[in-house]
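Okay, structure first, notes after.
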Amino acid sequence: MTTMDNEIFEAIFEIVTFFNQPNQDRDLLKRAGISLEPVALPIIVRVGRQPEISIGELANQIGRNHSSVSRQVDKLVEAGVLTEVERRDQRVRRITLSPQGQRALLQIKVARESVLRQRLSGYSDTERADLVRVLQHLVSTLNSSEDSKD
């Protein structure tokens, strides 16, 4: 691994660490005016991006075990944030945002935009456009189906 490759990895790792801190989620939920536990935030956001996602897919994508995600989903269904989609297969539970969950997601997006706008206030429009372009390219690269080359 070259020095630059290592620096790229380290930068990505720091970004992921920043976004995975429960206090970041707590602050964002507070700013959004939503009184839920921080563990609910990635679930709401992911379900909002992928309606009718299964509990197993959700657990895999947010890096938590199935049973813990299932318990959180049960709490969010009970709170009226999520709804269970009709089960075609009794082994697979699929969920989506309820109307209340959609409103919560919108509040989260508004709060997140406000936080990012504040954090990136020192960036010029050109730097922000460059950042978007590079991040979208990175997402595309990381999501490509090609095997990574060592």
Side-chain angles (χ1 to χ4, degrees), residues 1-66 68-73 75-77 79-85 93-150:
M1 183 178 268
T2 67
T3 301
M4 186 179 299
D5 289 341
N6 192 51
E7 288 174 4
I8 292 169
F9 175 83
E10 291 296 328
I12 293 170
F13 186 81
E14 289 300 320
I15 292 168
V16 169
T17 299
F18 173 83
F19 283 108
N20 280 339
Q21 294 175 11
N23 63 331
Q24 297 293 337
D25 292 351
R26 188 176 297 107
D27 292 347
L28 189 58
L29 287 168
K30 183 178 179 181
R31 186 181 284 255
I34 299 170
S35 58
L36 292 172
E37 295 180 36
V39 294
L41 185 88
I43 294 171
I44 294 168
V45 172
R46 181 60 57 185
V47 173
R49 290 180 58 88
Q50 292 181 270
E52 299 192 18
I53 189 170
S54 73
I55 303 293
E57 292 166 329
L58 179 61
N60 184 52
Q61 290 180 17
I62 65 174
R64 297 207 179 105
N65 68 49
H66 187 281
S68 124
V69 170
S70 185
R71 283 191 301 276
Q72 287 301 320
V73 164
K75 289 178 185 179
L76 292 170
V77 167
V81 176
L82 299 176
T83 58
E84 197 170 308
V85 178
R93 254 176 95 191
R94 295 193 175 278
I95 52 174
T96 195
L97 293 176
S98 68
Q100 178 184 337
Q102 290 171 356
R103 285 188 300 277
L105 180 59
L106 180 59
Q107 290 171 259
I108 290 166
K109 286 180 177 182
V110 168
R112 185 179 59 214
E113 286 175 14
S114 172
V115 169
L116 279 175
R117 192 175 311 108
Q118 186 177 34
R119 295 274 178 140
L120 300 178
S121 64
Y123 284 49
S124 69
D125 288 345
T126 302
E127 289 171 322
R128 291 166 72 102
D130 288 344
L131 180 60
V132 169
R133 182 184 50 74
V134 169
L135 289 174
Q136 287 173 337
H137 187 154
L138 179 60
V139 167
S140 175
T141 300
L142 294 177
N143 287 332
S144 81
S145 60
E146 288 184 32
D147 292 329
S148 63
K149 298 176 184 174
D150 295 316

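What you see is a predicted model, and the numbers here were worked out from it, not measured in a lab.
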Within the side chain of [X], is there an N or O that forms a donor-acceptor pair under 3.5 Å with the backbone of [Y]?
{"X": "Thr96", "Y": "Pro51", "value": "no"}
{"X": "Ser114", "Y": "Val110", "value": "no"}
{"X": "Gln24", "Y": "Phe19", "value": "no"}
{"X": "Ser98", "Y": "Val81", "value": "yes"}
{"X": "Thr141", "Y": "His137", "value": "yes"}

Side chain to side chain, [X] and [Y], heavy atoms closer than 4.5 Å:
{"X": "Lys75", "Y": "Gln72", "value": "yes"}
{"X": "Leu41", "Y": "Leu36", "value": "no"}
{"X": "Asn23", "Y": "Arg26", "value": "yes"}
{"X": "Leu58", "Y": "Val73", "value": "yes"}
{"X": "Glu52", "Y": "Ile95", "value": "no"}
{"X": "Leu138", "Y": "Ile12", "value": "yes"}
{"X": "Val132", "Y": "Arg128", "value": "no"}
{"X": "Leu82", "Y": "Ile43", "value": "yes"}

Restricting to non-hydrogen atoms, name the atom on [X] and the atom on [Y] that form the minimum distance, rounded to 0.1 Å.
{"X": "Ser68", "Y": "Asn65", "value": "N-OD1, 2.7 Å"}
{"X": "Leu76", "Y": "Ala40", "value": "CD2-CB, 3.9 Å"}
{"X": "Gly122", "Y": "Glu127", "value": "O-OE1, 3.9 Å"}
{"X": "Arg64", "Y": "Pro42", "value": "NH1-CG, 3.8 Å"}
{"X": "Pro38", "Y": "Pro22", "value": "CB-O, 3.7 Å"}

Begin with the C-alpha distance, continue with both residues' side-chain angles, and end with the deciding distance and a verdict on side-chain hydrogen bond (donor to acceptor under 3.5 Å, both in side chains) for Arg93 and Ser70. CA-CA 9 Å; Arg93 254 176 95 191; Ser70 185; 3.2 Å; yes
Separation between [atom1] of [X] and [atom2] of [Y], rounded to the nearest 0.5 Å:
{"X": "Tyr123", "Y": "Leu116", "atom1": "OH", "atom2": "CG", "value": "10.5 Å"}
{"X": "Arg31", "Y": "Leu29", "atom1": "CZ", "atom2": "CG", "value": "12.0 Å"}
{"X": "Asn20", "Y": "Ile15", "atom1": "CG", "atom2": "CD1", "value": "12.0 Å"}
{"X": "Gln50", "Y": "Leu97", "atom1": "CD", "atom2": "CG", "value": "11.5 Å"}
{"X": "Glu113", "Y": "Ile108", "atom1": "CD", "atom2": "CD1", "value": "12.5 Å"}
{"X": "Ile53", "Y": "Gln61", "atom1": "CD1", "atom2": "CD", "value": "4.0 Å"}

Is it true that, when you exclude Phe18 itself, more than 12 heavy atoms of the residues, nucleotides or ligands shown sit nearer than 6.0 Å to its CZ? yes
side-chain contact (heavy atoms from CB on, under 4.5 Å), that's the test. Do Gln102 and Leu106 meet it? Break it down for me. CA-CA 6 Å; Gln102 290 171 356; Leu106 180 59; over 6 Å; no
Is there a side-chain contact (heavy atoms from CB on, under 4.5 Å) between Arg112 and Lys109 once you walk through the steps? CA-CA 5 Å; Arg112 185 179 59 214; Lys109 286 180 177 182; 3.4 Å; yes
Identify whether the distance between the nearest side-chain nitrogen and carboxylate oxygen of Arg94 and Glu57 falls below 4.0 Å. yes
Please evaluate residues Thr2 and Asp5 with respect to the criterion side-chain hydrogen bond (donor to acceptor under 3.5 Å, both in side chains), reporting the C-alpha separation (whole Å), side-chain torsions for both, the decisive distance (0.1 Å), and the verdict. CA-CA 5 Å; Thr2 67; Asp5 289 341; 3.2 Å; yes
